[in-house]
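In what follows, a single structure is set out as structure tokens and then discussed.
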Amino acid sequence: MSVVEQHARAHVVTDSPEPHATIPVVLRYDPEADPRSVRIGLPGPEHEWAFSRDLLERGLRTPSGTGPVRIWPCGRVQAVMEFHTAQGVELVEFDAKALVRFLRRTYLAAGATTPVGR
């Protein structure tokens with residue numbers, strides 16, 4: 001089994017009238033370390049979250065999560081992740097296709113045939 005790492009772009013969601021800032025994001029899956037979890041890394045120190053791969057998959061279809069990470073679909077082509085820290089909450093909007101592609105790669109790396117889709 002091999003590590004899956006995918007670079008993506010996301011938008012920080014704010015209440016500002018300015019366009020949302022685009023940020024680089026690293027999606028990571030290491031089946032040797034934890035076959036049930038994925039990691040999302042945002043720019044900045046200590047901006048990495050690990051959460052269940054199932055949560056990511058569910059969140060692409062319906063609002064999911066109750067802890068520090070919540071995910072929900074936003075329209076037909078976007079997904080929003082809400083990250084909670086002691087300093088506050090960050091909302092990040094992704095192209096759902098990038099997340100689906102990443103999930104498919106994680107199942108292939110783990111040798112599973114579970115279909116991922118919307």
Side-chain angles (χ1 to χ4, degrees):
M1 291 189 258
S2 61
V3 172
V4 174
E5 189 169 283
Q6 180 175 311
H7 295 267
R9 310 269 316 147
H11 298 281
V12 176
V13 179
T14 68
D15 60 358
S16 168
E18 300 297 319
H20 297 158
T22 300
I23 59 170
V25 177
V26 177
L27 309 168
R28 184 174 171 82
Y29 173 69
D30 185 347
E32 294 291 327
D34 186 351
R36 293 189 175 109
S37 292
V38 293
R39 294 186 163 293
I40 303 281
L42 304 176
E46 300 184 32
H47 276 84
E48 183 174 270
W49 285 268
F51 53 93
S52 90
R53 186 169 55 165
D54 291 339
L55 171 61
L56 179 55
E57 188 170 353
R58 279 192 320 272
L60 291 171
R61 293 187 305 269
T62 187
S64 300
T66 57
V69 178
R70 297 175 185 159
I71 306 168
W72 63 90
C74 181
R76 296 179 52 91
V77 297
Q78 302 294 322
V80 174
M81 290 189 191
E82 180 178 304
F83 300 102
H84 294 255
T85 68
Q87 292 76 33
V89 176
E90 290 185 67
L91 290 175
V92 181
E93 185 178 68
F94 289 84
D95 178 358
K97 286 182 186 178
L99 298 175
V100 168
R101 186 172 40 253
F102 172 68
L103 278 171
R104 284 187 178 137
R105 291 180 64 209
T106 69
Y107 284 111
L108 287 172
T113 59
T114 303
V116 178
R118 291 187 70 181

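Sequential numbering from 1 along the given sequence is applied to the chain's residues.
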From [atom1] ([X]) to [atom2] ([Y]), nearest 0.5 Å:
| X | Y | atom1 | atom2 | answer |
| --- | --- | --- | --- | --- |
| Ile71 | Leu60 | CD1 | CG | 7.0 Å |
| Leu27 | Arg39 | CG | CZ | 12.5 Å |
| Glu93 | Ile23 | CD | CD1 | 11.5 Å |
| Leu55 | Arg70 | CG | CZ | 10.5 Å |
| Gln6 | Arg104 | CD | CZ | 11.5 Å |
| Phe102 | Glu57 | CZ | CD | 12.0 Å |

Looking at side-chain heavy atoms only, is the closest gap between [X] and [Y] below 4.5 Å?
| X | Y | answer |
| --- | --- | --- |
| Val92 | Val80 | no |
| Val12 | Glu90 | no |
| Leu56 | Met81 | yes |
| Glu82 | Val89 | yes |
| Tyr107 | Arg53 | yes |
| Leu103 | Tyr29 | no |

Establish whether Phe94 and Val13 are linked, either directly or via other cluster members, by ILVMFWY side-chain heavy-atom contacts under 4.5 Å.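 Not linked; separate clusters.
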
Establish whether Leu42 and Trp72 are linked, either directly or via other cluster members, by ILVMFWY side-chain heavy-atom contacts under 4.5 Å.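 Different clusters.
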
Looking only at non-hydrogen atoms, find the nearest pair between [X] and [Y] and report the distance.
| X | Y | value |
| --- | --- | --- |
| Ser37 | Asp34 | OG-OD2, 2.8 Å |
| Gly59 | Ser64 | N-OG, 3.6 Å |
| Pro24 | Pro43 | O-CD, 3.2 Å |
| Arg105 | Glu5 | NH1-O, 3.5 Å |

For this session: Start with the C-alpha gap between Val3 and Arg28, add the side-chain angles, then the distance that decides, and say whether side-chain contact (heavy atoms from CB on, under 4.5 Å) holds.
Result: CA-CA 7 Å; Val3 172; Arg28 184 174 171 82; 3.4 Å; yes

Do His11 and Gln78 pair up side chain to side chain, a donor and an acceptor below 3.5 Å, judged on atom types alone?
no

